[in-house]
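A note on names: the letters A, B, ... follow the listed sequences, proteins ahead of strands, and every chain is numbered from 1. These numbers were taken from a predicted model, which means no experiment stands behind them.
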2 protein chains.
Amino acid sequence: MARTAFETHDHRHCIAESLVEAERTCAEQGLRLTPARRRVLEILLEEHRALGAYDILDRLRTEGWRAQPPVAYRALDFLTSHGFAHRVEGLNAFVACTHGKDGHAPVFLICRACNRVTEAEAELTSGALGRAAKAAGFRIEQTVREAIGLCPACLATEAA
Amino acid sequence: MARTAFETHDHRHCIAESLVEAERTCAEQGLRLTPARRRVLEILLEEHRALGAYDILDRLRTEGWRAQPPVAYRALDFLTSHGFAHRVEGLNAFVACTHGKDGHAPVFLICRACNRVTEAEAELTSGALGRAAKAAGFRIEQTVREAIGLCPACLATEAA
DNA sequence: CCGTGCTGTGTTATATAATTACGTGAGCTC
DNA sequence: GAGCTCACGTAATTATATAACACAGCACGG
Ligand SMILES: [Zn+2]
Ligand SMILES: [Zn+2]
Ligand SMILES: [Zn+2]
Ligand SMILES: [Zn+2]
């Protein structure tokens, strides 16, 4: 799965595949992908961008869901705690996972111009964080690694 | 300067040194370390922990400052944009810089038990973020690298 | 000396993000 | 069918951050 957000790709396929995978994982693990949870995941999958909880809420409302904030936050809690989505701390926003398996250490590249977000993988204790932790005797449980900058497309636009 | 937050050290000295350095830097660069800005920096320096803007605001108020939110946010904007403090995205909070020079790429180790934060340095384009950026053709302008976990002291406590 | 522009501050109001609290109902177990 | 758990509906509240506007101090050039 998972072309990066910055490459052109068959996005309908990309959405469908992620949904099927989420359904399979839920079935395997006895998790309930309820309508609200499923719809929020679909909304996140529609674009490789991070959406705020209230953006999602607005989407749900225009679709007739008469939803209050907890609806979105509950769905997002479910999705993030089971690895179907991630929170992007630098944006107070959420993005669908493009790497399937639960429990990884995601890194994000966030374009400040077009807002697209692409995800890659790291080791929990790799890099500068890992070295600092080792030196300090710190046990890492979770990491936040995000870069803000310009994606290839927006770099090209800027140059023009 | 800058013992890590997880080592015992002469913290009065640590505060004083940071303040002197900030004053020197401001003098050199024609920046104005006004009373509000200075006091907020002092508050951040008091502990190696991240404080929310409203925590700082409360501190100012108990000291008689009759301060509204913009007071804190303006001071924090000044401090963060000139490298005297950093924003910890994972906590929506702020911490004094322990590495002097402006324009570095900080990494943070955040203890979820005692809340202390220690800072180390990275290269802007190093590690998994740098590799992902290179592969994608992404230009990194700024990074967020934070680890949540347990500091040595809290690890020891937990083991007991 | 006076106007002008700049920077920082005081204050009110508002916007945005997230959580608490409490009740309801569906499905399951025994 | 009583008791349990999980998810959801809803209202209210808290937490975080910014907008907008008035004004004071000060440097600069006339
Ligand atoms: Zn896609
Ligand atoms: Zn872009
Ligand atoms: Zn110290
Ligand atoms: Zn600790």
Notebook entry, point to check: Would you say A:Leu76 and A:Val71 are hydrophobically clustered, going by side-chain heavy atoms of ILVMFWY under 4.5 Å?
Noted result: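 As far as the 4.5 Å side-chain criterion goes, A:Val71 and A:Leu76 are connected within one cluster.
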Assess whether a salt bridge exists between [X] and [Y], defined as any Lys/Arg side-chain N lying under 4.0 Å from an Asp/Glu carboxylate O.
X	Y	answer
A:Glu63	A:Arg61	no
A:Arg59	A:Glu46	yes
B:Glu158	A:Arg139	yes

Item checked: Pairwise side-chain contact, A:Glu146 with B:Thr143, heavy-atom cut-off 4.5 Å (strictly under) ->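 A:Glu146 vs B:Thr143: side chains apart.
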Check: Any side-chain heavy atom of B:Val95 within less than 4.5 Å of one from B:His48?
Finding: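 B:Val95 does not reach B:His48 side chain to side chain.
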Checklist line | Proximal nucleotide (of C:dA18, D:dA17, D:dC8) relative to the A:Tyr54 side chain | finding: C:dA18
Next item on the list: Identify, residue by residue, the members of residues 66-76 of chain A with a heavy atom below 4.0 Å from DNA chain C, and return them in order of residue number, or none.
Entry: A:Pro69, A:Pro70, A:Tyr73, A:Arg74
Taking [atom1] from [X] and [atom2] from [N], how many angstroms apart are they, rounded to a whole number?
X	N	atom1	atom2	result
B:Asp77	C:dT9	CG	C1'	14 Å
A:Asn92	C:dT19	CG	P	10 Å
B:Phe94	D:dT16	CZ	P	10 Å
B:Leu51	D:dA15	CG	P	15 Å
B:Gln29	C:dT7	CD	P	16 Å
A:Ile56	C:dA18	CD1	C1'	13 Å
B:Leu57	D:dT16	CG	P	11 Å
B:Arg37	C:dG8	CZ	C1'	7 Å

Next item on the list: Say whether A:His11 and A:His13, considering side chains only, have a donor N or O and an acceptor N or O under 3.5 Å apart.
Entry: no
Margin query: If the condition is side chain to side chain contact (heavy atoms under 4.5 Å, CB included), which residues does B:Thr25 pass it with, not counting sequence neighbours?
Written below: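 Here the qualifying residues are B:Glu21, B:Gln29, B:Phe84.
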Notebook entry, point to check: Between D:dA17 and B:Arg87, is there an OP1 or OP2 to side-chain N/O distance shorter than 4.0 Å?
Noted result: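 The answer is yes; a side-chain N or O of B:Arg87 sits under 4.0 Å from OP1 or OP2.
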Check: Counting only N and O atoms by type, is there a donor-acceptor contact under 3.5 Å from the side chain of A:Arg116 to the main-chain atoms of A:Phe6?
Finding: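 No, A:Arg116 side chain to A:Phe6 backbone: no donor-acceptor pair under 3.5 Å.
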Notebook entry, point to check: What is the per-nucleotide protein-contact pattern of nucleotides 25-30 of chain C, from the 5' end, where B denotes a base atom under 4.0 Å from a protein heavy atom, S denotes such proximity for sugar-phosphate atoms only, and - denotes neither?
Noted result: ------
Notebook entry, point to check: Among residues 107-115 of chain B, which residues get a heavy atom nearer than 4.0 Å to DNA chain D?
Noted result: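 None - not one residue of the stretch has a heavy atom sitting under 4.0 Å from the strand.
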Notebook entry, point to check: How would you list all residue pairs meeting ring pair (Phe, Tyr, Trp, His ring centres under 6.0 Å) that involve residues 109-128 of chain B, not counting sequence neighbours?
Noted result: none
For residues 125-135 of chain A, which side-chain donor-acceptor pairs fall under 3.5 Å, sequence neighbours excluded?
residue, atom, partner, partner atom, Å
A:Ser126, OG, A:Glu123, O, 3.1

